[in-house]
K.L.:
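What follows is a single structure, and I will ask about it in a moment.
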Amino acid sequence: MVLGIRVHGAKVEDHEVTLDSLFREVPVPTKLRIPLMYKKMSGTGGDDSHIRNNVIVRFMADPDDGFAPADWQYGGAMGPAPPVVLARRDKLPFSSQDWAVIDDYISQWLDARSEAEEDCPQVSETFLTPAAFQTYVRGQLETHAAAFLPLQFPVGSTVIAAGLSVAELNGIEGEVVRYTRERVGVRFPNKDVTALKPERLSLIREAPALPNPEPKRLDTGDNAKKRQAREKELERQEAVAIARRFCECLH
């Protein structure tokens with residue numbers, strides 16, 4: 001079991017997830033080097049007649065154009081989205097706090113794209129980088145202190161603790177070795193690993209970064225067909241938007 005989340009309608013909750021071969025990558029987090037995977041669950045997960053907001057749709061935006069694919073356009077004729085579970089491929093915890101931070105980041109990226117008009121590619125190049133997202137995460141400590149602990153305190157980094165009830169550990173340097181949803185596992189000299197709240201830690205030195213090249217997309221025949229279908233879908237969505245604006249002007 002992996003610590004992940006379950007999303008249904010507007011509800012996001014922590015959930016234990018079993019990864020299997022049916023999981024697929026979530027595009028934007030993958031671009032940010034967050035190896036997040038999703039799986040649509042069968043059924044509706046109960047009475048969904050009250051669902052009016054499918055927050056998972058925005059989360060599935062394509063990094064290239066900012067739109068969720070057609071099979072994620074829930075609402076209206078398609079009805080509510082089914083329950084979706086998400087977890088990290090590397091089996092590190094993914095929490096509802098993590099979701100809140102990255103969902104807000106995606107919203108800011110999409111808002112910047114809509115305002116940029118012709119400069120959309122430049123906006124995406126600025127937002128959709130691991131370094132930009134890490135900087136954003138480290139700026140959210142006051143509201144989401146336990147979000148993306150691996151980005152705040154990478155494994156192998158040196159931290160120093162303060163304000164602990166175990167006074168002998170205050171002011172002592174330790175090494176980050178693991179995580180739970182809300183705590184950082186720190187190994188201090190001659191001590192067992194201690195799980196500490198991130199608010200009690202300060203980063204002293206980061207571990208040397210390991211090379212992690214972005215995977216290349218193979219340009220196969222299937223990919224070309226998917227691209228063509230995608231272009232047609234975007235043209236359809238644009239035509240619908242234009243028609244709606246036209247109708248609004250008539251009223």
Side-chain angles (χ1 to χ4, degrees), residues 1-46 54-61 63 68-69 71-72 74 81-106 128 130 133-134 136-138 140-141 144-157 159 175-187 192-199 201 207 209-215:
M1 302 292 283
V2 179
L3 299 178
I5 64 170
R6 179 182 183 271
V7 181
H8 191 210
K11 187 176 182 180
V12 179
E13 57 188 357
D14 292 323
H15 191 76
E16 290 191 345
V17 177
T18 301
L19 290 171
D20 58 34
S21 60
L22 298 179
F23 277 77
R24 298 291 181 266
E25 292 181 344
V26 186
V28 170
T30 298
K31 189 84 172 174
L32 301 174
R33 289 188 188 162
I34 306 298
L36 192 61
M37 311 291 286
Y38 77 87
K39 182 170 77 170
K40 294 181 182 180
M41 306 302 288
S42 58
T44 63
N54 297 285
V55 295
I56 194 68
V57 175
R58 177 181 61 231
F59 201 74
M60 292 296 168
D71 59 340
W72 280 102
Y74 289 100
V84 178
V85 292
L86 301 103
R88 292 178 61 134
R89 186 178 60 239
D90 57 11
K91 299 185 179 180
L92 290 175
F94 184 77
S95 69
S96 53
Q97 282 203 52
D98 295 335
W99 162 279
V101 169
I102 196 169
D103 183 55
D104 187 59
Y105 192 73
I106 289 174
L128 301 185
F133 183 60
Q134 184 178 46
Y136 179 79
V137 168
R138 290 180 172 176
Q140 306 302 304
L141 299 184
H144 297 96
F148 288 102
L149 294 177
L151 292 182
Q152 294 189 52
F153 306 100
V155 165
S157 297
V159 294
E175 179 186 359
V176 175
V177 295
R178 67 183 67 143
Y179 313 94
T180 65
R181 276 199 179 104
E182 297 181 348
R183 292 178 179 254
V184 181
V186 181
R187 179 182 289 120
D192 292 335
V193 175
T194 305
L196 300 175
K197 293 181 178 180
E199 299 95 322
L201 298 173
L210 296 175
N212 187 17
E214 186 174 340

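These figures come from a predicted structure and were not determined experimentally.
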K.L.:
Under the rule for salt bridge (charged side-chain N to carboxylate O under 4.0 Å, His left out), what residues qualify as partners of R181, not counting sequence neighbours?
P.N.:
D14

K.L.:
The criterion is ring pair (Phe, Tyr, Trp, His ring centres under 6.0 Å); which residues satisfy it with F133, sequence neighbours excluded?
P.N.:
Y105, F148

K.L.:
In Å, rounded to the nearest 0.5 Å, how long is the span from NE2 of H8 to NE2 of H15?
P.N.:
12.5 Å

K.L.:
Are side-chain heavy atoms of I34 and L151 found at a separation under 4.5 Å?
P.N.:
yes

K.L.:
Going by side chain to side chain contact (heavy atoms under 4.5 Å, CB included), name the residues that satisfy it together with L196, two or more places apart in sequence or in a different chain.
P.N.:
A161, L164, V186, F188, T194, L201

K.L.:
Please give me the minimum heavy-atom distance between V28 and A61, naming the atom from each residue.
P.N.:
CG2-O, 3.4 Å

K.L.:
Could you pull out the closest heavy-atom pair between A145 and P198, with the gap in Å?
P.N.:
O-CG, 3.4 Å

K.L.:
Should we count NZ of K197 as having more than 12 external heavy atoms under 6.0 Å?
P.N.:
no

K.L.:
Under the side chain to side chain contact (heavy atoms under 4.5 Å, CB included) test, which residues partner T18, sequence neighbours left out?
P.N.:
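Side chain to side chain contact (heavy atoms under 4.5 Å, CB included) list for T18, sorted by chain: M1.
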
K.L.:
Please answer whether the main-chain N or O of R6 pairs with a side-chain N or O of E13 as donor and acceptor at a distance below 3.5 Å.
P.N.:
no

K.L.:
What distance do I106 atom CD1 and L128 atom CG have between them, rounded to the nearest 0.5 Å?
P.N.:
8.5 Å

K.L.:
Mind checking side-chain hydrogen bond (donor to acceptor under 3.5 Å, both in side chains) for R138 and listing every partner two or more places apart, or none if nothing turns up?
P.N.:
E206

K.L.:
Ring pair (Phe, Tyr, Trp, His ring centres under 6.0 Å) with Y179: which residues, sequence neighbours excluded?
P.N.:
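Checked Y179 against ring pair (Phe, Tyr, Trp, His ring centres under 6.0 Å); zero matches.
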
K.L.:
With sequence neighbours excluded, tell me which residues meet side-chain hydrogen bond (donor to acceptor under 3.5 Å, both in side chains) with R58.
P.N.:
D103, S107

K.L.:
Mark yes when over 12 heavy atoms from residues, nucleotides or ligands other than E16 sit less than 6.0 Å from its CD; otherwise mark no.
P.N.:
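No, not enclosed.
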
K.L.:
Which heavy-atom pair separates V17 from L86 by the least distance, and what is that distance?
P.N.:
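The answer is CG2-O, 3.9 Å.
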
K.L.:
For F94, what residues pass the ring pair (Phe, Tyr, Trp, His ring centres under 6.0 Å) criterion, not counting sequence neighbours?
P.N.:
none

K.L.:
Could you tell me the separation between the CZ atom of R33 and the CD atom of Q134, rounded to the nearest 0.5 Å?
P.N.:
11.0 Å

K.L.:
Step through it carefully: locate the ring centre of W99, locate the ring centre of F59, and say whether they are under 6.0 Å apart.
P.N.:
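Yes, ring centres under 6.0 Å apart.
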
K.L.:
So do V155 and R178 actually touch side chain to side chain, heavy atoms under 4.5 Å?
P.N.:
no

K.L.:
Just to verify, what does D20 make a side chain to side chain contact (heavy atoms under 4.5 Å, CB included) with, not counting sequence neighbours?
P.N.:
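Side chain to side chain contact (heavy atoms under 4.5 Å, CB included) list for D20, sorted by chain: L22, F23, K39.
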
K.L.:
For residues 89-102, which residue pairs qualify under salt bridge (Lys or Arg N to Asp or Glu O under 4.0 Å), counting only residues two or more places apart or in two chains?
P.N.:
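Passing the test, one end in residues 89-102: E25-R89, R88-D90.
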
K.L.:
If you compare all heavy atoms of A195 against all heavy atoms of R183, which two are closest, and at what distance to 0.1 Å?
P.N.:
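Closest approach of A195 to R183: O-NH1, 3.3 Å.
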
K.L.:
Quick one: closest heavy-atom pair of M41 and V85, and the distance?
P.N.:
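It is SD-CG2, 3.7 Å.
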
K.L.:
Could you pull out the closest heavy-atom pair between P27 and P63, with the gap in Å?
P.N.:
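That would be CB-CD, 3.5 Å.
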
K.L.:
Check whether any side-chain heavy atom of L32 lies under 4.5 Å from a side-chain heavy atom of Y136, and answer yes or no.
P.N.:
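No, every pair of side-chain atoms sits at 4.5 Å or beyond.
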
K.L.:
Please identify each residue that fulfils side chain to side chain contact (heavy atoms under 4.5 Å, CB included) with Q97, with sequence neighbours left out.
P.N.:
S95, H144, A146, A147, E182

